[in-house]
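Report on the following structure.
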Amino acid sequence: MMKMVYGVIVLAGILLTGGCSTASPYEYGDNWLLRENDIPQYYSKFDLFYIGKAPAGYGDTHDIQFNWTKTHTNDIFGRGVRVFAPEIPNPDVKNVTDALEYYLDHFHEPGHPFVLLAEGKAADLLYAAMQQVSGLTVKNGFIAAYLPDMKPKSAEQIAKDFSWEKLKAAAKADDVGVIVSWTSCINNEKMDDSNLNSGTYNINPLNWKTDNTPGTAKDNIKAVFYMPEHKNIFWRKVEVKNFCGAVIDTEKGVLNVDCPLPLLHVVNGRFTNNCISIFAGNIAANAKLRTETLINSREWGGK
């Protein structure tokens, strides 16, 4: 009899505890700018998890954030990619970690290829969030995290930060399980960053080399920009082929970008929140190449 009473008490305690738990804000569709889990996995070459916000001067309405996100995801990567982009009003490491963890636990199918994408401060948050979650392994489908303009780091530091998952800095165009980053410097502008030095990791998105081999404008597949000032919504996405060239300055630790735009949009040598836009076509093509590399290695008994 006492065992029965004890069992009822334990069960009641479990139910009460479960009832008091807080649901994740990412359980609801309203907290995602894009959540394409209704697209069958077999249709998707890979999933794309994106963190980002339009610059302050663009506006902060839901429509602005949605169109900014769409331009940086659907309009760049095209069909055949499932996009997951949470709406995080107050981005910090915990909130980004919660969103990434929710994607991995609820929308990602084990082993299905997936790519992470963010830039600037959002890239810093996503980098930190990556250190807090499990599942970022090649076996589980992790292809690459494209994190341009995150805080400068050496390749050795990146490998150390993710030694438990055996992730590393990308060294060529088709390695997988990698972090891909560069520090943009527009038109040789002076950059005030004590972390920049000859040991800073950079990879050139025009040729996927880590040395000072120049990438020319002809190597730039296309840039894709979101221009919210246009009244016609169909003119807000602007695509420019062969937009610019770029070369790594190995001494300064930056990627020098020969940018044809006026310096009005450049802050401390960076084209604010547009380093994805500048190399959009190359990032998309490279993500597909890396994904194909993983799929082919699986078919031939590799990873």
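We count residues from 1, following the sequence as given.
Pairs of residues two or more places apart, or lying in two chains, that qualify as side chain to side chain donor-acceptor pair (under 3.5 Å) and include a residue from residues 240-256 are Asn188-Asn256. Sorted by first and then second residue, the salt bridge (charged side-chain N to carboxylate O under 4.0 Å, His left out) pairs with a member in residues 90-99 read Lys94-Asp98; sequence neighbours excluded.
For the pair Asp47/Pro113, no side-chain contact is recorded, criterion being any heavy-atom separation below 4.5 Å from C-beta on. Contact annotation: the side chain of Val247 never approaches that of Leu255 to less than 4.5 Å [non-hydrogen atoms, C-beta and beyond]. Within the 4.5 Å cutoff, the side chain of Tyr26 has no heavy atoms near those of the Tyr103 side chain. Counting heavy atoms from C-beta on, the side chains of Gln131 and Phe162 come closer than 4.5 Å. In this structure the side chain of Val178 never reaches within 4.5 angstrom of the side chain of Leu167, judged on heavy atoms. Side chains of Val180 and Arg290 form a contact here, defined as non-hydrogen atoms less than 4.5 Å apart.
Nearest heavy atom pair, residue Glu36 against residue Asn74, reads OE2-ND2, 3.4 Å. Smallest separation of non-hydrogen atoms from Ile248 and Asn204: CD1-N, 3.7 Å. Scanning all heavy atoms of the two residues, the minimum distance from Glu239 to Val224 falls at CG-CG2, 4.1 Å. Here the shortest heavy-atom pairing between Lys45 and Thr291 reads O-CG2, 3.6 Å.
Neither side chain, Asn140 nor Thr137, offers a donor N or O lying under 3.5 Å from an acceptor on the other. Using a 3.5 Å distance cut-off with no hydrogens or angles, the side chains of Thr213 and Asn207 do not pair a donor with an acceptor. In this structure, a donor-acceptor pair under 3.5 Å is absent between the side chains of Tyr43 and Arg82. No side-chain donor-acceptor contact under 3.5 Å links Glu292 and Asn296.
Note that Lys153 lies in the cation-pi zone of Tyr127, set by a 6.0 Å cut-off to the ring centre and a 45° limit from the axis.
The aromatic rings of Trp182 and Phe279 lie perpendicular to each other, with more than 60° between the two planes, well past the 30° mark. The aromatic rings of His62 and Phe66 sit parallel, their planes meeting at an angle under 30°, below the 60° perpendicular limit.
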Check step by step if ring pair (Phe, Tyr, Trp, His ring centres under 6.0 Å) holds for Phe114 and Phe49.
CA-CA 8 Å; Phe114 67 102; Phe49 181 87; 9.0 Å; no

Please report the C-alpha distance between Asp175 and Lys168 in whole Å, then the side-chain angles of each, then the deciding distance to 0.1 Å, and finally whether the salt bridge (Lys or Arg N to Asp or Glu O under 4.0 Å) criterion is met.
CA-CA 10 Å; Asp175 44 5; Lys168 57 188 182 297; 5.2 Å; no

